[in-house]
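These numbers were taken from a predicted model, which means no experiment stands behind them. Just so you know, residue 1 is the first one in the sequence shown, and it goes up from there. We count ligands from 1, going down the list as the structure has it; atoms in each ligand are counted the same way.
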Amino acid sequence: MKKQDITVSSPLLPDLKDFVPYLEDIWKSKWLTNNGEYHERLEKALCEYLGVEHLNLFSNGTLALIVALQALKISGEVITTPYSFVATTHSLWWNNIKPVFVDIEPETFNIDPDRIEAAITPATTAIMPVHVYGNPCRVDKIQTIADTYGLRVIYDAAHAFGVCRDGVSVLNYGDLSILSFHATKVYSTIEGGAIICHDRKMKHRIDFLKNFGFAGETTVVAPGINAKLNEVQAAFGLLSLKVVDEAIARRKEMAAAYREGLENVHGIHFLPEVEGLQQNYGYFPILVDDAKYGMRRDELYELMKSHQIMGRRYFYPLISDFPTYRGLPSATRENLPVATRVASQVICLPMHHNLTEEDVKEIVQIIKNKS
Ligand code: T4K
């Protein structure tokens with residue numbers, strides 16, 4: 001039999017036979033979208049599961065980011081990281097906001113809070129950090145800076161589903177956090193996302209903004225957009241919630257197997273396990289230090305591909321290197337040395353609940369043997 005690709009991610013699918021009764025129910029009710037019953041049930045279930053007070057579902061994480069900026073009326077300049085998926089910075093661009101890139105920390109690959117103050121100008125209104133790969137930013141330091149300068153904080157927490165430190169969800173920090181429920185994520189609604197906020201008034205404002213600004217049949221209170229999640233996807237999300245813990249447990253085992261297999265490979269580095277952190281094991285990034293490893297990152301990437309192992313170079317190129325952003329004064333490589341190095345060395349290894357011990361062994365062997 002022909003070998004199948006080992007993909008970087010694989011969607012979490014609820015049991016099809018459990019989905020059928022939900023679909024029958026939706027068909028019978030003929031209520032397909034616009035804040036239906038399943039939508040309401042999923043918002044409640046996610047609040048409970050994640051340990052947050054208010055959550056608005058969205059049709060994807062990118063629209064959640066765009067609306068979060070609208071909800072807080074952010075303008076001018078926003079300080080952010082170049083080491084993320086393009087959607088982070090695109091959300092600023094779509095709101096006519098100037099991104100200001102700040103370098104990342106080598107320990108976490110998250111924005112370096114010690115460099116934020118130097119990037120603040122009279123036009124700065126907010127900070128948009130990313131909990132990259134689900135590893136929490138230094139939230140206390142970021143909040144202290146925000147409080148000192150009167151700035152808002154919007155976390156792109158697209159990777160941070162279920163991540164808790166000392167039992168507290170990282171989604172409870174900042175003014176707003178956004179999640180992505182894309183098919184490639186630990187938890188998914190096929191496409192989807194959410195904004196987490198901390199008070200009912202803000203929750204209502206976001207409800208309006210994601211539904212054209214409607215606050216009643218004939219009342220439009222803001223220039224909103226259409227970013228609603230439909231009933232079929234909400235039902236899929238309810239069922240996925242039942243299997244997500246099992247999938248995370250499986251990912252944890254695979255991450256441990258990678259750690260064990262790769263710990264003594266000269267020139268291959270990975271992020272350490274952090275005590276007190278409940279992770280979701282969404283990604284397993286390695287850094288390839290070519291001088292020590294004896295092979296360049298892109299050569300290893302191609303070698304893996306030749307074995308049908310589809311790692312991904314998340315996040316290369318840096319956002320600041322894309323044509324839209326590279327002309328910005330903060331986009332220079334001199335301003336972003338750590339992010340530039342990490343982006344040139346990173347490969348995210350396949351990481352999902354469908355991976356087998358044999359898959360991990362094979363990947364480790366290829367990395368060890370360089371052949
Ligand atoms: N902020 C951050 C920090 C993000 O990482 C993202 C999204 C966002 C914001 C925006 O959230 P969304 O608007 O997307 O909700 C993927 C995802 O499309 C994207 O959601 C994600 N981040 C980004 C990191 O990765 P691609 O282009 O790499 O995905 P793709 O289609 O190449 O899929 C990767 C692998 O997954 C495939 O080789 C096979 C497997 N796969 C994929 C899909 C879609 C499946 O097995 N089944 C599938 O249905 O972007």
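- Listed by number with element, the atoms of ligand 1 under 4.0 Å from a non-hydrogen atom of Ala158 are 1 (N), 2 (C), 3 (C), 4 (C), 9 (C).
- Taking any N or O of Tyr283, backbone or side chain, none lies under 3.5 Å from an N or O belonging to ligand 1.
- Between Ser84 and ligand 1, no pair of N/O atoms sits closer than 3.5 Å.
- Residue-to-ligand polar distances place His159 within reach of ligand 1: an N/O pair is separated by less than 3.5 Å.
- For ligand 1 and Pro11, the ligand atoms under 4.0 Å from any heavy atom of the residue are 45 (C), 46 (O), 47 (N).
- Aromatic pair Phe270/Tyr258: centroids not less than 6.0 angstrom apart.
- Taking the charged nitrogens against the carboxylate oxygens, Lys210 and Glu43 do have a contact shorter than 4.0 Å, which makes a salt bridge.
- For a threshold of 3.5 Å applied to N or O pairs, the pair formed by Ala183 and ligand 1 contains no separation below that value.
- With a 4.0 Å cut-off on non-hydrogen atoms, Met310 does not touch ligand 1 at all.
- Using a 4.0 angstrom heavy-atom cutoff, Gly192 counts as in contact with ligand 1.
- In Glu358, the CD atom is crowded: over 12 heavy atoms of neighbouring residues, nucleotides or ligands sit closer than 6.0 Å.
- Every N/O-N/O distance between Thr7 and ligand 1 stays at or above 3.5 Å.
- A salt bridge between Lys201 and Asp199 is absent, with no side-chain N of the basic residue lying under 4.0 Å from a carboxylate O of the acidic one.
- Below 4.0 Å from some heavy atom of Ala87 lie the following atoms of ligand 1, by number and element: 8 (C), 9 (C), 10 (C).
- Proximity of atom 26 (P) of ligand 1 to the protein is indicated by at least one non-hydrogen atom lying closer than 4.0 angstrom.
- Counting non-hydrogen atoms of other residues, nucleotides and ligands closer than 6.0 Å to CD of Glu253 gives a total above 12.
- Under the 4.0 angstrom criterion for non-hydrogen atoms, Glu191 is not in contact with ligand 1.
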